[in-house]
Every structure is written in structure tokens, then in C-alpha cells.
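Throughout, a chain's letter reflects where its sequence line sits, starting with A, and its residues are numbered from 1.
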Number of protein chains: 2
Amino acid sequence: MQDIQPTFRAIADPTRRAIIGMLADKEMTVGDVASHFDMTRPAVAKHLGILREGGLVTVRAEGRERVHTLDPHALRPVEQWIEHFSHFWDTKLSALKTAIEKDES
Amino acid sequence: MQDIQPTFRAIADPTRRAIIGMLADKEMTVGDVASHFDMTRPAVAKHLGILREGGLVTVRAEGRERVHTLDPHALRPVEQWIEHFSHFWDTKLSALKTAIEKDES
DNA sequence: TATTTATAAAACCATTTGGTTTCATGTCAA
DNA sequence: TTGACATGAAACCAAATGGTTTTATAAATA
């Protein structure tokens with residue numbers, strides 16, 4: 001298994017989450033993405049680089065442009081990490097409930 | 001609605017995710033948590049503070065100790081954010097599949 | 001071919017982050 | 001009541017982060 005830290009890091013920034021939202025709609029070049037922000041292109045390119053490190057985005061060269069595509073599959077390990085605690089919690093709550101009911105009997 | 005940024009921030013750090021894992025087991029004081037890390041107590045206290053800001057942990061004073069409890073409910077908005085893209089993606093994929101099938105007919 | 005365009009890459013900067021040490025405060029226990 | 005203990009709070013520091021500007025390079029276009 002690969003490290004999920006780069007993915008957690010990638011989604012921790014609001015700008016990058018916004019970029020993810022845009023790429024869900026359609027593939028975009030660096031310039032496309034940058035046009036939606038009050039920020040220079042190199043800054044956006046860095047964000048895209050961090051998204052790529054997190055496995056959330058793939059890039060393909062198309063002439064002088066670089067087309068960025070979202071890959072939401074990378075979110076799966078994060079989702080599972082969350083599910084683990086949700087499930088754990090529910091189990092504990094129901095166990096507690098059972099214990100209380102027994103106590104009342 | 002409240003801001004989810006503090007929650008994303010809270011879970012972005014590996015030490016804090018480890019703390020979440022510990023607190024899933026049982027409630028703990030600052031000292032309890034700190035004993036599991038090669039790190040000073042003030043450092044751990046800071047992490048717990050950030051987890052509290054993210055709504056993931058609640059604190060109750062018990063004598064001179066501060067007992068920290070996990071509240072996994074705070075992870076729900078993050079889970080939903082992820083679900084949104086997973087769902088979006090699945091929809092798009094099935095639409096693409098349909099289009100291809102039509103094309104082949 | 002000369003020029004513009006899209007991007008990468010590097011150097012740089014201010015702020016945030018994750019840690020430390022030091023000191024203050026309230027509670028437990030001898 | 002006198003320490004010892006658990007914690008909070010503040011000052012401080014190095015490294016990471018999110019941004020900038022500048023420079024270089026390859027591809028499209030006049």
C-alpha cells in the first residue's frame with residue numbers, strides 16, 4: 001500500500017479543494033484553472049503538483065498544454081479511514097446501549 | 001453551517017490522526033496521550049487543541065486533569081464532501097459507458 | 001523565421017506550523 | 001501547609017507552506 005499522507009495533505013487546502021471541484025466538471029489546463037483564481041499561474045501549478053502527488057490528478061501533455069484530469073479514486077483510502085472510526089463509534093454506542101438496558105432489567 | 005476547514009486541517013497531520021486512533025479506544029488526559037509519543041506535553045496539548053478546533057475532540061475538566069473524548073461526528077462533513085465526488089464520478093462513468101454502447105450499436 | 005503562448009523551474013519572501021523551553025496556576029497528597 | 005503533579009500560556013525557533021517574480025524552453029502562429 002502507498003502512503004496516504006500526500007492525499008490528506010492535498011485535500012487540506014481550500015484552494016485545492018476548489019480545484020478538485022472544478023476538475024470534477026471537466027479536464028483543464030493550468031491556465032484554465034488559474035483563470036478562476038486571483039493568483040498567479042505558477043501558484044496554481046504548484047497546487048496542481050501537490051494534487052498530483054496526492055494521486056488526485058493525472059496530467060497528460062497536449063502540445064504545449066498540460067491537461068489535468070481528476071481521479072477521485074485517490075479519495076478512497078481517506079473515505080475508508082473515516083469509515084473506520086464511524087463504524088467503531090456506532091459499535092461502541094450500541095454496546096453501551098445494550099449494557100444500559102441490561103443494567104435496567 | 002460551520003466551517004469545515006478546521007476539521008480538514010485537524011486530520012491532515014499524521015500525529016493527530018494517531019491521537020484520533022487512540023481516543024477511539026478510550027478517553028485520555030494530555031499526559032496519557034503524550035506518553036505514547038516522543039514529544040513534549042505542550043506539543044501534544046497543541047495537537048489536542050487543534051483537534052478541538054476541528055470539533056473532533058471534547059474536553060472535560062476532572063480535578064487537575066483534562067479528559068479528552070473523541071467525537072467522530074465531526075468527520076461527517078468530510079465524509080460527505082468525499083462522497084459528493086465519488087458519486088459524481090460514478091455518474092459520469094456510467095454516462096460515458098452508455099454513450100459508448102450507443103455508439104457501438 | 002520571429003514572435004507569441006503555455007508551461008516548468010528556480011530563487012526568493014512572509015506566514016504558518018510543529019516543535020521546544022520556561023513560567024504560572026490550580027489541585028492532590030504527605 | 002508544603003510539595004509534587006497536570007496543565008495552560010507565552011516566548012521562541014526551524015522548517016514547511018503558499019505565494020511571488022524572474023528566467024528558460026518548447027510548441028503554435030504570424
Side-chain angles (χ1 to χ4, degrees), chain A residues 3-23 25-71 74 78, chain B residues 3-23 25-71 74 78:
Chain A
D3 190 11
I4 56 167
Q5 178 54 26
T7 311
F8 271 104
R9 181 199 175 202
I11 64 174
D13 182 87
T15 300
R16 287 192 292 266
R17 289 198 302 280
I19 293 175
I20 289 174
M22 290 177 204
L23 293 179
D25 246 342
K26 59 176 185 300
E27 301 181 325
M28 289 175 127
T29 65
V30 177
D32 289 339
V33 176
S35 69
H36 289 75
F37 291 99
D38 184 21
M39 192 187 304
T40 61
R41 287 207 274 212
V44 169
K46 274 193 193 178
H47 281 302
L48 287 167
I50 291 168
L51 287 168
R52 199 167 355 103
E53 284 171 14
L56 284 155
V57 155
T58 56
V59 192
R60 118 184 141 258
E62 203 156 283
R64 65 185 156 179
E65 297 182 334
R66 314 260 300 183
V67 181
H68 296 255
T69 308
L70 182 67
D71 183 7
V78 177
Chain B
D3 191 12
I4 55 169
Q5 178 54 27
T7 310
F8 272 104
R9 182 201 176 199
I11 64 173
D13 182 89
T15 300
R16 287 192 292 266
R17 289 199 301 279
I19 293 176
I20 289 174
M22 291 176 202
L23 292 179
D25 247 343
K26 59 176 186 297
E27 301 180 325
M28 290 175 124
T29 66
V30 177
D32 289 339
V33 177
S35 70
H36 289 74
F37 291 99
D38 184 22
M39 192 186 304
T40 60
R41 288 207 276 209
V44 169
K46 274 194 192 179
H47 281 302
L48 287 168
I50 290 168
L51 286 169
R52 199 164 357 101
E53 283 171 15
L56 284 155
V57 154
T58 56
V59 193
R60 120 185 138 255
E62 204 156 281
R64 63 186 157 181
E65 297 182 335
R66 314 259 301 182
V67 182
H68 296 255
T69 309
L70 181 67
D71 183 8
V78 176

Without swapping roles, check the side chain of Arg16(A) against the backbone of Ala10(A) for a donor-acceptor pair under 3.5 Å.
yes
Do the side-chain N or O atoms of Arg66(A) get closer than 4.0 angstrom to the phosphate oxygens (OP1, OP2) of dA6(C)?
no
It should be established whether Arg16(B) places a side-chain nitrogen or oxygen under 4.0 Å from OP1 or OP2 of nucleotide dG18(C).
yes
Rounding to a whole Å, what distance do you find between Gln5(A):CD and dA16(D):P?
13 Å
Toward the 5' end of DNA chain D, by each residue's nearest nucleotide, Val59(B) or Asp13(A):
Val59(B)
For Ala12(B), does its backbone N or O pair with a side-chain atom of Gln5(A) as donor and acceptor, under 3.5 Å?
yes
Please tell me which of Glu62(A) and Met39(A) maps to the more 5' nucleotide of DNA chain D, matching each residue to the nucleotide holding its nearest heavy atom.
Met39(A)
Sole candidate of Asp71(A), Ile50(A), Leu23(A) that passes side chain to side chain contact (heavy atoms under 4.5 Å, CB included) when paired with Val57(A):
Leu23(A)
Do the side-chain N or O atoms of Thr29(A) get closer than 4.0 angstrom to the phosphate oxygens (OP1, OP2) of dA6(C)?
no
From NE2 of His47(A) over to C1' of dA9(C), roughly how many Å is that when rounded to an integer?
17 Å
Whole Å only: how far is the CD atom of Glu65(A) from the C1' atom of dT5(C)?
9 Å
From the candidates dG19(D), dT4(C), dG19(C), the one with an atom nearest any side-chain atom of Thr15(A) is dG19(D)
How many angstroms lie between atom CZ of Arg60(B) and atom CD of Glu65(B), to the nearest 0.5 angstrom?
10.0 Å
For the side chain of Lys46(B), counting heavy atoms from C-beta on, which of dA27(D), dT20(C), dG8(D) is nearest?
dT20(C)
To the nearest Å, give me how far apart CG (Asp32(A)) and C1' (dT7(C)) are.
13 Å
Interatomic distance where CZ belongs to Phe37(B) and P belongs to dG19(C) [whole Å]
9 Å
What is the distance, to the nearest angstrom, from the CG atom on Leu48(A) to the P atom on dA8(C)?
8 Å
Please tell me which of the listed nucleotides, dT20(C), dA4(D), dT20(D), lies nearest to the side chain of Pro42(B)?
dT20(C)
Against the side chain of Arg64(A), the closest entry in dA28(D), dG18(C), dT21(D) is dA28(D)
Is Arg41(B) side chain donor-acceptor paired with the dT7(D) base, going by distance under 3.5 Å alone?
no
Arg9(A) vs dT17(D): side-chain N/O to OP1/OP2 distance below 4.0 Å
yes
Among Lys26(A), Met28(A), Glu27(A), which residue satisfies the side chain to side chain contact (heavy atoms under 4.5 Å, CB included) criterion with Thr69(A)?
Glu27(A)
Met28(B) CE - dT7(D) P separation (whole Å):
11 Å
Within this structure, what is the CG-to-P distance between Leu51(B) and dT17(C), rounded to whole angstrom?
14 Å
